[in-house]
There are 2 protein chains.
Amino acid sequence: MATGRTHRPATRSRGIPEATVARLPLYLRALTALSERSVPTVSSEELAAAAGVNSAKLRKDFSYLGSYGTRGVGYDVEYLVYQISRELGLTQDWPVVIVGIGNLGAALANYGGFASRGFRVAALIDADPAMAGKPVAGIPVQHTDDLEKIIDDNGVSIGVIATPAGAAQQVCDRLVAAGVTSILNFAPTVLSVPDGVDVRKVDLSIELQILAFHEQRKAGEEAQADGAGPAAVTREESDASADQGPDGDVPAVMPA
Amino acid sequence: MATGRTHRPATRSRGIPEATVARLPLYLRALTALSERSVPTVSSEELAAAAGVNSAKLRKDFSYLGSYGTRGVGYDVEYLVYQISRELGLTQDWPVVIVGIGNLGAALANYGGFASRGFRVAALIDADPAMAGKPVAGIPVQHTDDLEKIIDDNGVSIGVIATPAGAAQQVCDRLVAAGVTSILNFAPTVLSVPDGVDVRKVDLSIELQILAFHEQRKAGEEAQADGAGPAAVTREESDASADQGPDGDVPAVMPA
DNA sequence: CCATCTTTGTGCACGCGTTCACAAAGACAT
DNA sequence: ATGTCTTTGTGAACGCGTGCACAAAGATGG
């Protein structure tokens, strides 16, 4: 019953690498902040620092969008904000439905970052009849029975699943059947979807486990390399996997 | 995949590639489900399907941990659960603090997936004096003033930041100064940390923007291939497909 | 107009991650 | 024991992503 030989390049976004796409929102956020401070232009070096990436990487990322910079000067902030927004499709309205209004679903509904980026919570859906009609974040919760109609009436193409793991696949199937082609999944389950549907998942448990792994490793190295000369603790960008080569010395862990 | 993960040197942590570490929790979840159904052994093909990955990749991942399989038979489920748990450091207790008890922080505090994986919410911290003492998920919220003492008293090394963006860096600095070396950041900000500190970020806004990009692209291609297209350019996007993965857990996580 | 200085855009090399394909290893039947 | 069958473990090829290093482009000043 294996899935057929689904041949696909895995990653190929018609010119723009997936890794670049994933960073565009980061640049956009930094640029928006600059825009609010009325900064007219910014160099790749400055913007890269604000976004926490390498400047060469940033320039290469922008090169996929076109040549929007001016040599010797930098990038026009407003123009870049517009170009990235357009590229990401944020210049249009994206109605979104959230399915599963528990603690998490409610938190998502209350999230303010939606509207600011063109995302609009079109509806909240829950399987609990007792929730029906009850307003969450000013939006009345609707029952799962009406899922298909809600999707259709609002022209929703992006769905957020915040249900328990057991219900996720079923909800996913209904969303897809109703026309949703992009899903953000918060349930700790691997979703099975047909080709043409994008799924991104966010899983707290997994994130913590990854941190635990590194934490354990750090603890082990520290105990082993007790006495080695710690290197100077330099201020770096975010996410420092912070480890040296195998035979390299172990970096200092932290101040006591 | 949706984990906000800033690519880094990605140096192999003593043999195990970062990409493999990120998948171990996925395997563990699938294996736990099998274990609960009292399945004794599983082949790489079956397990890979359950985890939504390629079987060759799974075998290579396991090969980094050692040779735990039996040719012609497969892997012993219980043994593998133990080995992966140990490798991830889940056999020990990880006290965690959550800073910022708003909608999201509360949702995280209520998340049931903590204890089941060795993570224990040691304390909830918020800057609002009005929150102090108020119980959330059965745990009384404490004030930010006591952050350092809380970290120290509980031996906390993993911190979760669920504050507004503006407060995140400050909270982060205090956590790190107090001894925290792993941070899960839900605030939409680039955190600056010293070497030796791991930061993983989860950002709903970014995830949605990435989905919007693909959604827009799909819509565009569809419109173009609608009619006079010489070659019916079909999209080749989407993710792996697999099925099942009941965990009974409720999702958690989101941006702020 | 020319020289100099700044910053972009990118060719190139390198390393990680993925996947294929197959030999080796073990189970199982005869 | 021997042969067959299943499944692991991995060598090798390939592609993507990253970052260096530099030439080209444009601004700026004399």
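Quick caveat: nothing in here was measured; it's all calculated off a predicted structure.
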In whole angstroms, the gap separating P of dT19(C) from CG of Leu58(B) amounts to 12 Å

note: Phe62(A), atom CZ; dT8(C), atom P; distance rounded to Å ~ 10 Å

When rounded to whole Å, the NZ to C1' distance for the pair Lys57(B) and dG9(D) reads 17 Å

From CD of Glu45(A) across to C1' of dT6(C) the rounded distance in Å is 12 Å

message: Ring centroids only, cut at 6.0 angstrom: are Tyr68(B) and Tyr75(B) within range, meaning strictly under it?
response: no

Ranking dG17(C), dG17(D), dT8(C) by distance to the side chain of Ala19(A), first place goes to dG17(D)

Which of dG17(C), dG9(C), dG26(D) is nearest the side chain of Thr70(A)? It is dG26(D)

**OP:** Would you state whether a donor and an acceptor, one from the side chain of Lys60(B) and one from the base of dT19(C), lie under 3.5 Å apart?
**Re:** yes

Could you check whether Thr20(B) gets within reach of a base, just the sugar-phosphate, or nothing at all, counting any heavy atom under 4.0 Å?
-> nothing

Is the phosphate of dT8(D) approached by Ser44(B) (side-chain N or O, under 4.0 Å from OP1 or OP2)? yes

Base, sugar-phosphate or nothing for Tyr68(B)? Non-hydrogen atoms, less than 4.0 Å.
sugar-phosphate

**Prompt:** Using a cut-off of less than 4.0 Å, is there contact between a side-chain N or O of Asn54(B) and OP1 or OP2 of dC20(C)?
**Reply:** yes

When rounded to whole Å, the CG to C1' distance for the pair Leu65(B) and dG9(D) reads 13 Å

message: dG9(C), OP1 or OP2 - any side-chain N/O from Tyr75(A) closer than 4.0 Å?
response: yes

Walking DNA chain D from its 5' end, the first of Val73(B) and Ser63(B) to be reached, judged by nearest nucleotide, is Val73(B)

inquiry  = Looking at Arg71(A) and dT7(C), is any side-chain donor or acceptor paired with a base atom of the opposite kind under 3.5 Å?
reply    = no

Asp61(A) CG to dG19(D) C1', in whole Å, measures 12 Å

Salt bridge (Lys or Arg N to Asp or Glu O under 4.0 Å) pairs touching residues 55-64 of chain B, sequence neighbours excluded, are Arg23(B)-Asp61(B)

Residue pair Ala56(A)/Gly72(A) against DNA chain C: nearer the 5' end by closest nucleotide is Gly72(A)

Do Ile161(A) and Leu175(A) pass the side chain to side chain contact (heavy atoms under 4.5 Å, CB included) test, and can you show the C-alpha distance, the side-chain angles, and the key distance before you say yes or no?
CA-CA 10 Å; Ile161(A) 297 178; Leu175(A) 286 174; 3.8 Å; yes

Arg59(B) CZ to dG17(C) P, in whole Å, measures 19 Å

Tyr82(B) ring center near Tyr79(B) ring center (under 6.0 Å):
no

Does the pair Arg217(A) and Asp198(B) meet the rule for a salt bridge (Lys or Arg N to Asp or Glu O under 4.0 Å), with working shown?
CA-CA 12 Å; Arg217(A) 192 173 52 73; Asp198(B) 280 304; 5.1 Å; no

To the nearest angstrom, the OH-P distance between Tyr64(A) and dT8(C) comes to 17 Å

(Q) With a cut-off of less than 4.0 Å, is there a side-chain N or O of Arg23(A) near OP1 or OP2 of dT18(D)? (A) yes

